[in-house]
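Atom set for the values below is all heavy atoms of this structure, side chains included, hydrogens, waters and symmetry mates excluded. Predicted model only: the values in this text are computed from it and were never measured.
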Amino acid sequence: MRLSEDHRAFRDTVRRFVDTEINPHVDAWEAAGRAPLHTIFGKAAAVGLLGLEYDPAYGGEGADHSFQLVAAEEYGRIHAAGVGMALGVQAMMATPSLHRYGSDELKRRYLAPAVAGAAVTAIAVTEPDTGSDVARLRTRAVRDGDDWVITGRKVYITNGAQADWVCLLARTSDEGGHRGMSQIVVPTGTPGFSVGRTFGKLGNRCSDTAELILDGVRVPVANTIGAEGRGFQQQMEQFVVERMFAAYTTAGQCAYALERTRAFVRDRTVFGRPLAERQYVAFRLAELQAAVDLLRSHNLATCEALMAGEDVTRMATVAKLTAGRLVREVADWCLQFHGGTGYLEETWTARFLRDTRITSIGAGADEVMLQVLARLDGLP
Amino acid sequence: MNIVVLVKQVPDSGAERNLTSDDNTVDRGSANNVINEMDEYAIEEALKIKEAHGGEVTILTMGPDRATESIRKALSMGPDAAVHVVDDALAGSCAVATSKVLAAALGTLNADLILCGAESTDGRVQVLPHMLAERLGVAALTGARKLTVDGASLTAERQTEEGYEVVSAATPAVVSVWDTINEPRYPSFKGIMAAKKKPVRTLSLADLGVSADEVGFAGATSAVVEHSKRPPRSAGTKITDEGTAGTQLVEYLVTEKFV
């Protein structure tokens, strides 16, 4: 797939957004352990970043998926990955199911403010005993007249402490396994809903990662996204988009990290000549760039297949697995070639190494990606 | 208020720029061409005035075919329409000829206010706004760091080395701006898509009634005879303090006429 002049113009816009609205502030946000999402999302919405693929009836831009790829790649240039993750949660993790399966009323009420940047959203799936193994989740919604009464606990919820509503996955019947779950929009101001502790993390420190507690939270059954009992399947679709976002952003992160490292090794003189003239350094950076090029080509192919309406489960899973492993390697080598400087907290390489480690864990761990792929290949 | 903003496409000042060896003009073919940085501030100012007082904003560009990219980019920020003066005979035009062509184009646009950057990052001569005002017989408020519009009255803070001067004029007028005047917006997704549908009218020299021998290399009032690359920077003077560094520093500053 070839990107057009429109994509190039849009890329310039996203880059300016990142350079002017985000990067000058990230050090302060990292130190504070929280980025002001309502402010950031308001600015992101003004340039169209929060509803690129969504229906203009709800404030969306009506663009195709390829513009989401461009935006995500540019988020790779954010100097603290937590901000890109927050934007990704809003646009590609917490809202796709609502846009695809939600009722008009639900979309007017919850999607439109999210697209406008007025509401911060989160995706509430993970539980203390249920990470990538979503089928075992225990949060339960019991029907009482026209309401759901929801009780349970969610953990590691990105944007969780600042969210105005969450896209919650809960068990709504006793069928067990993959059946009987539903996606429900839960406003965080509802009585019985509380934010527990926020977690300190290795990286992505400006991203608030919270525990959410639901104790008899009552929301209308009309807040159910799509069909009752189809929540797992809808969430699995939403996870595919999430994996693609991760792979797109990672390609952008890797390309930017290598660009910065190439500039450093050209400048840095060791034993009388630039580090870049050492063949080992140059070759290693070339190898890594080649791998990034391949990931990017695969991402473009995945994007194109999705736009053609194909099932991209396999392609997105390959992309996410590859991205998680590649960025670990890139982050490690970029730090290595910066030498002692690279180990300092004040050099970008340190935060980059910490921030990107999550890619092999979040949105389904590498091992889960492998399990998905093995099954698709007919293995048990 | 009917506002026309002059927009020039220039080689990106952040990248290496060269002159061509055959005619000593800026090598635009191999460069990454962008909107002249200062012009973005002029566009922003025009949009702010339109938002406050209503009216229409038109982009006026003189340049080759590929300047269309910069026109679309300018339109994606929010202006309503554009006029592109394009003609092979314009290549090599000096500032005097450029002002003649732009004045002729402005004659068709009925502008109350003509906004432009105080200089372009390629030519950097800073004379075009004055020449245009002279040709159009209107006031020139140049080098503005602030502009206030009150009906048909314009008041500008004109940036100088010492501070600023307050100057005012009635419309129509030419106002050139520095980058201290505002913070230009960047296009939104909607802006980028909308720009594709905005009208861009092209005008040739014949349309403007300007003869080809008055412009381009043929009509240039100045010519670049030769050019050479700037020599690489030489090493600076290093003073090691052995008790007299202060005196040496002062002597250096005096020799170089800094003090």
Side-chain angles (χ1 to χ4, degrees), chain A residues 3-25 40-75 77 87 90-92 115-117 259 263 266, chain B residues 7 9-16 31-41 43-44 47-48 51 59 61 63-79 82 84 179-198 200 232-233 235:
Chain A
L3 299 180
S4 69
E5 190 51 42
D6 291 344
H7 293 92
R8 206 168 67 95
F10 179 59
R11 189 182 291 282
D12 281 352
T13 276
V14 186
R15 191 163 295 190
R16 277 179 79 163
F17 167 75
V18 167
D19 288 345
T20 57
E21 311 290 356
I22 307 286
N23 280 344
H25 311 291
I40 297 168
F41 286 4
K43 289 174 177 171
V47 284
L49 291 170
L50 300 182
L52 280 172
E53 291 180 81
Y54 295 158
D55 188 341
Y58 307 104
E61 307 294 332
D64 66 45
H65 183 72
S66 60
F67 287 91
Q68 197 74 260
L69 173 139
V70 171
E73 283 184 345
E74 288 303 311
Y75 294 163
R77 301 175 75 92
L87 288 160
Q90 181 89 352
M92 288 185 80
V115 169
E259 182 187 316
R266 269 196 288 265
Chain B
V7 169
Q9 187 180 52
V10 297
D12 188 351
S13 59
E16 194 185 333
N32 178 26
N33 295 303
V34 298
I35 294 180
N36 175 47
E37 192 191 353
M38 218 61 75
D39 298 348
E40 290 192 20
Y41 295 83
I43 298 169
E44 177 65 31
L47 294 172
K48 281 167 73 174
E51 282 156 11
I59 298 298
T61 292
D65 280 335
R66 64 176 167 274
T68 312
E69 299 159 19
S70 294
I71 292 172
R72 288 289 169 207
K73 183 130 197 199
L75 288 174
S76 69
M77 289 172 72
H84 183 183
D179 56 1
T180 40
I181 196 162
N182 56 42
E183 194 51 54
R185 67 196 68 190
Y186 40 89
S188 66
F189 181 83
K190 279 192 179 72
I192 292 166
M193 291 302 151
K196 298 201 295 183
K197 296 181 190 130
K198 289 179 179 172
V200 178
R233 264 203 219 176

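In this structure, chain B has no heavy atom under 4.5 Å from any part of Leu49(A). Of the two parts of Arg72(B), neither the backbone nor the side chain holds a non-hydrogen atom closer than 4.5 Å to a non-hydrogen atom of chain A. Phe17(A) touches chain B through backbone and side chain together, each having a heavy atom under 4.5 Å away. Using a 4.5 Å cut-off between heavy atoms, Ala9(A) touches chain B through backbone and side chain atoms alike.
In terms of modelled atom types and a separation under 3.5 Å, the side chain of Thr13(A) and the main chain of Pro187(B) share a donor-acceptor contact.
In this structure the side chain of Asp12(A) reaches within 4.5 angstrom of the side chain of Lys73(B), judged on heavy atoms.
For the atom pair Ile192(B) CD1 and Arg8(A) CZ, the distance stands at 11.0 Å (nearest 0.5 Å).
Counting all heavy atoms, side chain and backbone alike, Ser188(B) lies closest to Ala46(A) at CB-O, 3.5 Å.
Between chain A and the residues Arg185(B), Met193(B), Lys190(B), Glu183(B), the most heavy-atom pairs under 4.5 angstrom are made by Lys190(B).
Just one of Leu52(A), Asp6(A), Val47(A) meets the side chain to side chain contact (heavy atoms under 4.5 Å, CB included) condition when paired with Phe189(B); it is Leu52(A).
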